[in-house]
Structure formats: C-alpha cells, structure tokens
Amino acid sequence: MKAIVNVYLKEGVLDPQGKAVHHALGSLGFNNVTDVRIGKQIVLQLNETDKAKAMKELKEMAETLLANTVIEDYDIEIVE
C-alpha cells in the first residue's frame, strides 16, 4: 500500500520560503498568484492491506516524527 503525507506550516506561521517564491513568481510575471506556502511531501510504501490500520499507523508516524504539530499540519492520502 502506498501513502502520501503532505506536511505544511499552519496558518499564521510565517513562511519565509513561501514569501520568497511568491516574490520571485511576481518578478517573472506570474501576477495572479496571491499566496505561496511551502511544505514537504513524504511518500511511504507500507506492508499493510487494511486501510484503517494503515491510517492509524500513518497518523502515529505523522504525530511522532513526520510533522512538528506545534507549527505544522498534515494530510494523509492512501493511494494503494
């Protein structure tokens, strides 16, 4: 089973990388972009066939290691 965990800064947390990319896009003429937030994507291959068990384990992974839940949120997607 394949899973994707997207980790990104919470709303209200300063994202200097996102601001730099936003500024650069504007400089290149891409003026319709109103905001940019930078995150990370973790792709995991799991040896599990039960989606519920996999999701429970993925949440534990995200809470324990993959995301700093004080300043980051995360989304989990199982893509099989």
Side-chain angles (χ1 to χ4, degrees):
M1 180 176 300
K2 183 178 180 180
I4 298 171
V5 180
N6 289 304
V7 181
Y8 47 91
L9 291 170
K10 290 182 177 186
E11 285 296 321
V13 176
L14 185 63
D15 184 355
Q17 240 185 329
K19 292 294 180 199
V21 170
H22 184 232
H23 177 73
L25 288 170
S27 296
L28 293 170
F30 298 103
N31 298 313
N32 287 329
V33 179
T34 58
D35 192 28
V36 176
R37 304 287 287 177
I38 301 292
K40 59 187 171 185
Q41 184 176 78
I42 301 118
V43 180
L44 302 111
Q45 192 67 41
L46 304 173
N47 190 20
E48 179 62 68
T49 56
D50 185 312
K51 277 189 175 183
K53 286 181 183 178
M55 187 59 80
K56 182 176 186 273
E57 191 171 20
L58 288 161
K59 286 181 182 178
E60 288 177 28
M61 289 179 206
E63 296 280 333
T64 306
L65 176 68
L66 303 178
N68 176 350
T69 56
V70 173
I71 61 168
E72 295 175 319
D73 283 327
Y74 62 89
D75 295 322
I76 299 171
E77 180 184 1
I78 296 176
V79 292
E80 293 184 68

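Keep in mind that this is a model prediction, so the values were computed, not measured. Side chains are part of it too, since the values below use all heavy atoms of this structure and drop only hydrogens, waters and symmetry mates.
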Considering only Ile, Leu, Val, Met, Phe, Trp and Tyr, and joining two whenever side-chain heavy atoms are under 4.5 Å apart, list the other residues clustered with [X].
X	answer
Phe30	Val21, Leu25, Leu28, Val33, Val36, Ile38
Tyr8	none
Val79	Ile4, Val43

Once rounded to the nearest 0.5 Å, what's the spacing between atom [atom1] of [X] and atom [atom2] of [Y]?
X	Y	atom1	atom2	value
Met1	Asp50	CE	CG	7.0 Å
Glu77	Lys2	CD	NZ	10.0 Å
Lys40	Glu72	NZ	CD	5.0 Å
Ile78	Met55	CD1	CE	4.0 Å
Lys10	Ile71	NZ	CD1	9.0 Å

(Q) Checking Asn32 now: which residues fulfil side-chain contact (heavy atoms from CB on, under 4.5 Å) with it, not counting sequence neighbours? (A)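 Testing Asn32 for side-chain contact (heavy atoms from CB on, under 4.5 Å), a comparison that skips the adjacent residues, returns none.
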
Pairs of donor and acceptor atoms involving the side chains of residues 58-68, under 3.5 Å and at least two apart or interchain, shall be tabulated with distances.
from  : atom 1 : to    : atom 2 : distance (Å)
Glu60 : OE2    : Lys56 : NZ     : 3.3
Glu63 : OE2    : Tyr74 : OH     : 2.6
Thr64 : OG1    : Glu60 : O      : 2.7
Asn68 : OD1    : Val70 : N      : 3.2

Q: Verify the cluster assignment for Leu46 and Val7: are they in a single hydrophobic cluster under the rule of side-chain heavy atoms below 4.5 Å apart?
A: yes

(Q) Applying salt bridge (charged side-chain N to carboxylate O under 4.0 Å, His left out), can you list everything that pairs with Lys51, at least two apart in sequence or on another chain? (A)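 Partners of Lys51 under the salt bridge (charged side-chain N to carboxylate O under 4.0 Å, His left out) test: Glu80.
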
Q: Only counting residues at least two apart or in another chain, list the ones meeting salt bridge (charged side-chain N to carboxylate O under 4.0 Å, His left out) with Asp35.
A: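 Partners of Asp35 by the salt bridge (charged side-chain N to carboxylate O under 4.0 Å, His left out) criterion, ordered by chain and then number, come out as Lys19.
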
(Q) Just to verify, what does Gln17 make a side chain to side chain donor-acceptor pair (under 3.5 Å) with, not counting sequence neighbours? (A) none

**Q.** Residue list, side chain to side chain donor-acceptor pair (under 3.5 Å) with Asn6, at least two apart or on another chain
**A.**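 In terms of side chain to side chain donor-acceptor pair (under 3.5 Å), with neighbours along the sequence ignored, Asn6 is linked to Gln41.
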
